[in-house]
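Worksheet for the structure shown next.
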Amino acid sequence: MPVQQLTDLIRFVRHNSPFYRDLYADLPDHVDELTAIPVVPHDTFWQANTPRRNRLLTGPIDEAVIFKSGGTTGAPKFSVYTREEWREFTSAFGSGLVEAGLRPGHRVADLFYAGELYASFTFILDSLHRAPVANVRLPIGGGAPLASTVHTLEEFDVDVVAGTTTTLCGLADHLVREGRQLPAVQILFFGGEGLYEDQLPLLRKAFPQAQARSIGYAGVDSGLLGQAVPGADPRVHRAFTPYTVVEILDENTGEPLTREGVAGRIVVTDLRRRLMPIIRYPVGDRAEWTDVAAGHFRILGRAEEGVRIGAVSLYTQDVHELVRAADPTGRVSGMQLVVRRWDGRDGLLLRLAVDGEPVPGCHVPTEVSPVGEADPTGLRHLAAAVAKEILAARPMYAAEADAGRIHPIAVEWVRHGELSVNARTGKLLRVIDERPHS
């Protein structure tokens, strides 16, 4: 399918998608500038995109592939691609793999996760299949036993290992504990989460000849975002022009940023997808332009639509709803998701505000215990109930914490006035990412 003109795409979605028809109800008949179109409201977008009685899609699902786009088990989010859209998606991303470092004849182990409607394993395998250079693909997956994975990597003289940063570090840790190395590996392709400086020494011990590089920047919901730009900073990517349009918007005014070095939130428009249109969709990440003319930008972490702790994604709105479910009497008057990194692992601090009563500080909830002498306010009990709701709805968090790849959820009780706000607007910050991004 050729890249569509924006005017044609807008006309099509207004006619065929009830969600976009309502969103664009106040627009003139002819629209030819992205800035004239409202940014998609994240919450209502996903409320409209449901398996039944869908109001977002432009037609029936009679030929498509469906993936899970994160969310909790109680409020799953799905992304839909037609056969042609998926082929184009993976072909474009596969072309970007060459710039990322893929070379003819490379033997590539795919250690991304498969099953339960997750896209990453299939996406990378298909992208490698459609890359413009010959390569050998080994579909191992992220759930294989580490000893078995190492055996396969050695047996087939694998050149490239691709997986989430957490998976690569877990594999490296296994090798180091076994007193072994894989010097034949040349490239470690990481994706799905950032790579931090404190993770590099471990990777170098296990893979002494390998360079750690971004495999590229994409999302199953948002589609193509950026192909890796060779250089010292793996956070720098280039927009997939002309397939998609990446904008970086001022976080206060919503205006597009055109100056380099100014942080804002990323929104993307896909000029090829029609069944599930993505038009000025907020990706959930922050970035800054490093070369506007070349379309180069640096990823700076998560924005307010969601957070990523290790390999685990959490949508902010989902967490809000889970807190309300655990707090039927409404004691929590405000909340923030604070992401930190210590001891080489990410962790989530859930900052909850209550008014008019003493607060017990910060602790790691383990299990819900009866309110009694040790918990006179009942807030420790409530904190454990909140954590239990989140872990039940997002079991991957519990699995990653149990495996020691991320920290358990911690809860901090504060007064409402102690919640952090935007210094310029006074608005509550829903997400605070305190991890090092420089």
Side-chain angles (χ1 to χ4, degrees), residues 39-43 45-46 49 56 64-72 76-81 85-86 88-94 96-97 100 112-114 116-127 162-166 189-195 214-228 234-235 237-241 243-249 265-273 275-287 297-318 394 396 431 433:
V39 173
V40 164
H42 202 262
D43 296 343
F45 177 93
W46 287 111
N49 190 29
L56 173 71
V65 60
I66 300 175
F67 294 108
K68 185 182 291 184
S69 300
T72 64
K77 297 172 171 61
F78 302 100
S79 287
V80 183
Y81 289 80
E85 288 170 347
W86 184 253
E88 292 172 343
F89 184 17
T90 53
S91 295
F93 196 84
L97 293 178
F112 282 92
Y113 287 96
E116 297 187 71
L117 300 184
Y118 287 110
S120 58
F121 176 83
T122 300
F123 173 63
I124 295 303
L125 198 64
D126 286 357
S127 295
T164 66
T165 307
T166 298
F189 271 151
F190 68 89
E193 55 182 312
L195 177 71
S214 169
I215 198 168
Y217 181 36
V220 66
D221 50 356
S222 51
L224 293 167
L225 291 166
Q227 53 187 313
R235 299 169 300 168
H237 294 76
R238 182 174 70 248
F240 274 98
T241 306
Y243 311 115
T244 56
V245 179
V246 170
E247 299 175 89
I248 302 176
L249 305 185
R265 64 172 183 151
I266 303 175
V267 300
V268 63
T269 298
D270 193 313
L271 296 175
R272 291 198 172 195
R273 290 175 70 182
L275 178 57
M276 179 178 159
I278 299 295
I279 304 173
R280 301 203 89 194
Y281 175 82
V283 172
D285 288 332
R286 300 172 69 249
F297 59 91
R298 178 185 292 112
I299 305 168
L300 298 176
R302 296 296 287 173
E304 294 205 347
E305 284 81 14
V307 297
R308 194 169 185 96
I309 302 95
V312 182
S313 294
L314 288 172
Y315 287 99
T316 310
Q317 188 60 34
D318 287 348
R394 200 72 172 100
M396 186 178 178
V431 172
D433 193 338

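FYI, the numbering just counts along the sequence from 1. The shown structure was predicted, so the numbers you read here are calculated from the model rather than taken from an experiment.
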| query | Would Arg394 and Ser313 count as a side-chain contact (heavy atoms from CB on, under 4.5 Å) if you check the C-alpha gap in whole Å, the side-chain angles of each, and the deciding distance to 0.1 Å? | reply | CA-CA 9 Å; Arg394 200 72 172 100; Ser313 294; 4.2 Å; yes
| request: Show your reasoning for whether side-chain contact (heavy atoms from CB on, under 4.5 Å) applies to Asp221 and Phe45. | output: CA-CA 11 Å; Asp221 50 356; Phe45 177 93; 5.9 Å; no
| field | Test log, rule side-chain contact (heavy atoms from CB on, under 4.5 Å), inputs Tyr217 and Ile266 | value | CA-CA 12 Å; Tyr217 181 36; Ile266 303 175; 3.4 Å; yes
| What's the verdict on side-chain contact (heavy atoms from CB on, under 4.5 Å) for Tyr315 and Asp43, showing C-alpha distance, side-chain angles and the deciding distance? | CA-CA 10 Å; Tyr315 287 99; Asp43 296 343; over 6 Å; no
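Under the 4.5 Å side-chain criterion, counting only non-hydrogen atoms from C-beta, His237 is in contact with Phe297. Leu249 is listed as a side-chain neighbour of Arg280, based on a closest heavy-atom distance under 4.5 Å. For the pair Asp270 and Tyr243, the minimum side-chain heavy-atom distance is 4.5 Å or more.
Minimum interatomic distance between Lys68 and Glu116 (heavy atoms only, all atoms of both residues): CE-O, 3.6 Å. Heavy atoms only, all atoms of each residue included: Ile299 and Ala287 are closest at CA-CB, 4.2 Å. Closest approach of Ala92 and Phe240 over heavy atoms only: O-CE2, 3.4 Å. Minimum heavy-atom separation, Ala228 to Ser214: CB-O, 3.5 Å. A pairwise comparison of heavy atoms in Val246 and Val268 identifies CG2-CG2, 4.4 Å as the closest pair. Contact record, Leu117 with Ile66: CD2-O, 3.9 Å, taken as the closest heavy-atom pair.
Interatomic distance, Thr165 OG1 to Phe190 CZ, rounded to the nearest 0.5 Å: 5.5 Å. One distance of note links OG of Ser79 with CD1 of Ile278; it measures 6.5 Å at 0.5 Å rounding. We find the CG-CG distance between Asp285 and Leu300 to be 9.5 Å, quoted to the nearest 0.5 Å. Distance check, rounded to the nearest 0.5 Å: CG of Leu56 to CZ of Phe78 gives 14.0 Å. Summarising the geometry, atom CZ belonging to Arg298 is positioned 10.5 Å from atom CD1 belonging to Ile248; distances are rounded to the nearest 0.5 Å. Rounded to the nearest 0.5 Å, atoms CD1 (Ile279) and CZ (Arg273) are 11.0 Å apart.
Here Asp318 pairs with Lys77 in a salt bridge; the nearest charged N to carboxylate O distance falls below 4.0 Å.
Phe123 meets the ring pair (Phe, Tyr, Trp, His ring centres under 6.0 Å) test with Trp86, Phe89, Phe93; sequence neighbours excluded. Not counting sequence neighbours, Arg308 has no partner by the salt bridge (charged side-chain N to carboxylate O under 4.0 Å, His left out) test. By the side-chain contact (heavy atoms from CB on, under 4.5 Å) test, Ser91 pairs with Arg87, Arg130, sequence neighbours left out.
Between the side chain of Ser120 and the main chain of Tyr113, a donor-acceptor pair closer than 3.5 Å is present. A donor-acceptor contact shorter than 3.5 Å is absent between the side chain of Glu88 and the backbone of Arg272.
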